[in-house]
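Order of the sequence lines sets the chain letters (A, B, ...), proteins ahead of strands, with each chain counted from 1. In this text the structure is predicted, and so the values were computed from the model without any measurement.
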Amino acid sequence: MTAALSSFDDLRASLGASLNVASMVERDGKIVVSPQSTEEVAAITSYANERELAIEIVGAGTKRGWGNPVQANILLETARLTGMRGHSWQDLTATVAVGTPWAAMQRTLAAHGQWVALDPLWPETATVGGIIATNDSGALRLRYGSLRDLIIGMTLVLADGTVAKSGGKVVKNVAGYDLHKLMTGAFGTLGVITEVTFRLHPIPAQTRSWSLSSEAAEPLGELMLKVLDSQLSIQAIQLRASSAGYALDVELATLPEVLTLQVAALDRLAESVVATSLVSQDQPFGAREELFAPAGGLIVKATMLPSAVASVSSEVVRLGGSAVTQATGIMYARFPDGVAAKALVALRASVTAAGDGSVTVLRGLDASASPWSAEGVSALSREIKRRFDPNGILNPGRFVGGI
Amino acid sequence: MLNSAILDALRAAVDVEGATLPSGLITATNQLQTYECDGLTNMRALPGAVVLPRSTEQVQAVVRICDQFRIPFVARGAGTGLSGGALPAEGGVVISFARMNRILEIDIPNQRLIVEPGVINTHVTDAVAAYGYFYAPDPSSQTVCTIGGNVAENAGGAHCLKYGFTTTHVLSLEVVLPNGELATFGSSAPDAPGYDLTGVFVGSEGTLGVATKITLRIVKRPETVQVLLAAFDSTSAAAQAVSDVIAAGMLPAALEMMDRLSAKASEAAVHPNYPVCEALLLVELDGPEAEVNAQMAEATALCQKNGAWEVRLAQTAQERGLIWKGRKAAFAAMGRISPNYIVQDGVIPRTALPVVLEAISRMATEVQLRVANVFHAGDGNLHPMVLYDQAIPGQEEIALDLSYRILHLCVDHGGSITGEHGVGKEKQQAMGYMFSEPDLDTMQLVRHAFDPHNIANPDKLFPRTRLCGEKSGPYIPHPLETAGVAEFF
Ligand SMILES: Cc1cc2nc3c(=O)[nH]c(=O)nc-3n(C[C@H](O)[C@H](O)[C@H](O)COP(=O)(O)OP(=O)(O)OC[C@H]3O[C@@H](n4cnc5c(N)ncnc54)[C@H](O)[C@@H]3O)c2cc1C
């Protein structure tokens, strides 16, 4: 995007006349806007679209380093697009504006014992919109599915200012294309999401987590597959791997009176594979965030089939790294700077050898490289981007293949 | 539309020279008539040819020909669709998946399998049952409908309340795009980098290409299943019981309701021994035994609190089977109590059930017709069946009009015009009631990216025909409109 930046006053005049754009400042040669409504977002994108000005969409910025860097003239912040738009608790649905921090939304829903059953990274700061754009998910995905299964409708603004709705407010609905699925995980390259409707779940009556440690990954991997194959009320499972050893964390969610029975059954299963007992564990599922906590290092997201989790985990440790892998086959791995370059090549090879999957760098990539293992993107995906955003103004270049 | 050169090319695409297999090309009119319609039998069109490919390569060859000559094509599974999705384009090509019905790979540790699109829904469960698994989406037509058709319609079923619709169970797709190119969407491992094209393709009703290979997720069979049947004096009381069960934090495997008329029809057809009542509620809970026992006690109490005067817990697998048989037979059973009927498929927020059912009954009385209701109460998916007699002049039009007005009513209450049957040909105009022009235009961006020449199942799903790049195109009036019976918005 090389078009010259129009003056700040021009934008203010153009938008300010009809809209109350609450915040508009100039910072580092960029216009920074914080619209308060879908209409204001539309006014901004259509203004930028006509002048071919690039827009970077920013929530709380927690995952701003994921994907390729964006060169933008306008920074569109979603910080003021906040608040619940409705919580039909009896219908188990809720509509929320995208700038709302995840945890703030969950606190509101919890008033009726409900939640969006997803555990993304940094819920206190990360916004609903950023989580959707990056399709983040955590260990709960095993039981409740990903955002694709939890989002039932959306309001979005296209590059030309078109405001469109997709889906609706009912859980079951097959009318038209599921544009909200296309938007989820698209890194803001197809449109600006402004509001989203979720299906909700009741917060389970009781959850309890247990851990098992071992010096080797394989027995824990085997146990993980056995637990997946069991009929226990499992809510989440993850395998932690580091030079200090391996641990399998299992979270059960069921009625209090049933929990004891299930723990006994889980214990028997564990005994049969690893010959050690379960240890009750408090909050082990924050392990993914702990990987990110120290600055620096190479951090990747790797995906694989569940049956490959143990072998890839061992490989990470052999390469000098540590990892947390959810039973769905999503791994977050960290390597110290010294070994990063070599480890990345080796990990990619090992994921490829394991069959199906991908490795994407989230932090610590050297500037010239691409975060994705396969740089190619299909002609079809390029065509979709071209149709939605012909001037390439929305998060240009951010996503895989530079779309 | 299809001249002899095109027919020869199609034949070469699906028949291997010198092979003794039956031909994969059908052109004889009497045979083509078999493909004239799907489950929506009042709309018919004769295709120019039907092809029955045996491989992805053959499908590609056929679609390339269609692309080259701009011939519309329509994929077809079992033809059980209820919205005219598999209705042929007049004179165009129908691609039947009847011969692509192999299960290609079963991977139990990773809980997935790979199938060709012509595989019948229940055959998936049959293939994995021995390992203690099942394929969760269970449309009532599951013993005949195909996975390809399920994917195209994002089919649902009674158990989708807990387990999710088809889309939740599709991991990856191999698709022949409308230009004949082969594409893979998604992967068996989660989160394949790139746009979620699998998510968009599922439910796109054959308008974005044809699926030739599908990777499905399977689910472990629960330890126990229990089914409760409860009889109520009114649908509102039963609806309140549904809300209470959900509010208590339970996620039943199924929550189904039948009103007096539909229960009566089922009784006549398959004798499930249902109590005679205004509203019959079927609650299925599954999971670990101790959990199900505790929850079933609570669900029973909630039904009784809302006035259920008979609650019956099925004691054996056979009793459970019989209760479900009655429910699944409900559509077909309508034939017992009415010469003709129209099945609709609206969705409303669960809490609107009492008001909407009341309004439907009033609207039916106004035009002196009967409407039987069978529905997936847990997710607010209504299947109102408008009963009428074709032999009475004008009654079919009145019935059709009522069925569309019921859909509008659902939209007015914040719902949808279709929960599982799809838009197809039948509900094209209702799409314009549910979505605004900009919403539809945005969907068209997707359509045009996949199918710039508008040859994949054209003139379905969207309110009016539009050519690429055109803002609005020739408007094809619905027969009802031509007849002056109804106007569309
Ligand atoms: C008695 C009865 C009960 C029913 N109950 C239910 C129910 O409970 N839930 C429910 O959801 N539906 C139900 N249906 C509707 C119907 O069975 C489903 O829509 C089913 O998914 C259609 O499958 P099919 O193989 O018959 O597809 P078809 O009717 O042949 O085709 C349906 C659509 O899929 C497209 N298609 C088919 N194969 C492919 C492919 N390989 N690639 C791309 N597109 C393709 C067709 O072009 C068409 O648009 C019922 C129907 C009947 C008759």
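- In this structure, chain A has a heavy atom under 4.5 Å from the side chain of B/Tyr133, while its backbone stays farther away.
- Among B/Ala247, B/Gly414, B/Gly194, the residue with the largest count of heavy-atom pairs under 4.5 Å with chain A is B/Gly194.
- For B/Ser436 and B/Asp439, the side-chain atoms include at least one donor-acceptor pair closer than 3.5 Å.
- For a residue to count as touching a neighbouring chain, one of its non-hydrogen atoms must lie under 4.5 Å from one of that chain's; by this rule A/His180 does not touch chain B.
- Contacts with chain B were tallied for A/Lys169, A/Glu383, A/Gln90, A/Lys165; A/Lys165 has the most, counting heavy-atom pairs under 4.5 Å.
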Does B/Glu256 form a side chain to side chain donor-acceptor pair (under 3.5 Å) with B/His376? I'd like the steps, not just the answer. CA-CA 5 Å; B/Glu256 300 284 305; B/His376 307 298; 2.8 Å; yes
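- A side chain to side chain contact (heavy atoms under 4.5 Å, CB included) with B/Leu208 is found for one member of B/Asp451, B/Asn457, B/Val200 and no other, namely B/Val200.
- Interface residue A/Leu228: backbone and side-chain heavy atoms are both found under 4.5 Å from chain B.
- In summary, the side chains of B/Thr167 and B/Asn154 do not present any donor paired with an acceptor at a separation below 3.5 Å, with no hydrogens or angles considered.
- Proximity to chain B involves both the backbone and the side chain of A/Leu305, based on heavy atoms less than 4.5 angstrom apart.
- Side-chain contact annotation: A/Thr184 with A/Asn135, donor-acceptor N/O pair under 3.5 Å absent.
- The six-membered or imidazole ring of B/Phe462 lies away from that of B/Phe435, with a centre-to-centre distance of 6.0 Å or more.
- Contacts between B/Ser188 and chain A at a heavy-atom distance below 4.5 Å involve backbone atoms as well as side-chain atoms.
- Side-chain atoms of B/His421 and B/Glu426 include no donor-acceptor pair closer than 3.5 Å.
- Within the 4.5 angstrom heavy-atom criterion, only side-chain atoms of B/Phe185, from C-beta onward, approach chain A.
- Of the atoms belonging to B/Met431, it is side-chain heavy atoms, and not backbone ones, that fall under 4.5 Å from chain A.
- B/Lys427 places a side-chain N or O within 3.5 Å of a backbone atom of B/Gly422 that can act as its donor or acceptor partner.
- Annotation: maximal heavy-atom pairing with chain B below 4.5 Å, among A/Asp356, A/Thr303, A/Leu158, occurs at A/Asp356.
- With a 4.5 Å cut-off on non-hydrogen atoms, A/Lys301 touches chain B through its side chain but not through its backbone.
- For a residue to count as touching a neighbouring chain, one of its non-hydrogen atoms must lie under 4.5 Å from one of that chain's; by this rule B/Ile348 touches chain A with the backbone only.
- Counting heavy-atom pairs closer than 4.5 Å to chain A, the top residue among B/Leu161, B/Val446, B/Thr198, B/Leu461 is B/Val446.
- For the options B/Glu289, B/Glu205, B/Arg221, B/Glu420, heavy-atom pairs under 4.5 Å to chain A are most numerous at B/Glu420.
- Of the atoms belonging to A/Ser307, heavy atoms from both backbone and side chain fall under 4.5 Å from chain B.
- Side-chain contact of A/Gln114 with A/His201: a donor-acceptor pair under 3.5 Å is absent, judged by distance alone.
- In summary, the side chains of A/Gln326 and A/Tyr332 do not present any donor paired with an acceptor at a separation below 3.5 Å, with no hydrogens or angles considered.
- Contacts of B/Arg112 with chain A are made by side-chain atoms alone, with heavy-atom separations under 4.5 Å and no backbone atom involved.
- The contact between B/Pro190 and chain A is made by backbone and side chain atoms together, counting heavy-atom distances below 4.5 Å.
- Of the two parts of B/Gln111, only the side chain, counted from C-beta on, holds a non-hydrogen atom closer than 4.5 Å to a non-hydrogen atom of chain A.
- In terms of heavy-atom pairs under 4.5 Å with chain B, the best-connected choice from A/Gly357, A/Gly113, A/Gly176, A/Ala175 is A/Ala175.
- In this structure, the portion of A/Arg141 lying under 4.5 Å from any heavy atom of chain B is its side chain and not its backbone.
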What side-chain donor-acceptor pairs closer than 3.5 Å can you find for residues 252-265 of chain A, not counting sequence neighbours?
| residue | atom | partner | partner atom | Å |
| --- | --- | --- | --- | --- |
| A/Thr254 | OG1 | B/Glu291 | OE1 | 2.4 |
| A/Gln262 | OE1 | A/Ser233 | N | 2.8 |
| A/Gln262 | NE2 | A/Ser233 | OG | 3.1 |

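- Ranked by heavy-atom pairs under 4.5 Å with chain B, the list A/Thr360, A/Ile203, A/Thr162, A/Leu380 is led by A/Leu380.
- Both the backbone and the side chain of A/Leu92 come within contact range of chain B, judged by heavy atoms closer than 4.5 Å.
- For B/Tyr195, the ring pair (Phe, Tyr, Trp, His ring centres under 6.0 Å) criterion is met by A/Phe399, not counting sequence neighbours.
- In this model, no donor atom of one side chain and acceptor atom of the other lie less than 3.5 Å apart for A/Thr189 and A/Asn395.
- The two residues B/His169 and B/Ala136 come nearest to each other via the heavy atoms CE1-CB, 3.7 Å.
- With a 4.5 angstrom heavy-atom cutoff, A/Ser230 touches chain B only via backbone atoms.
- Side-chain atoms of B/Ser204 and B/Thr207 form no donor-acceptor pair, as typed in the model, at a separation below 3.5 Å.
- Ranked by non-hydrogen atom pairs under 4.5 Å with chain A, the options B/Pro193, B/Pro109, B/Gly203, B/Ala155 are led by B/Pro193.
- With chain B as partner, the option from A/Asp149, A/Leu232, A/Asp178 having the largest number of non-hydrogen pairs under 4.5 angstrom is A/Asp149.
- When each of A/Thr93, A/Leu182, A/Leu156, A/Asp229 is checked for heavy-atom pairs under 4.5 Å with chain B, A/Asp229 comes out on top.
- For A/Leu179, the part lying near chain B is the side chain, with the backbone staying farther off; criterion is any non-hydrogen pair under 4.5 Å.
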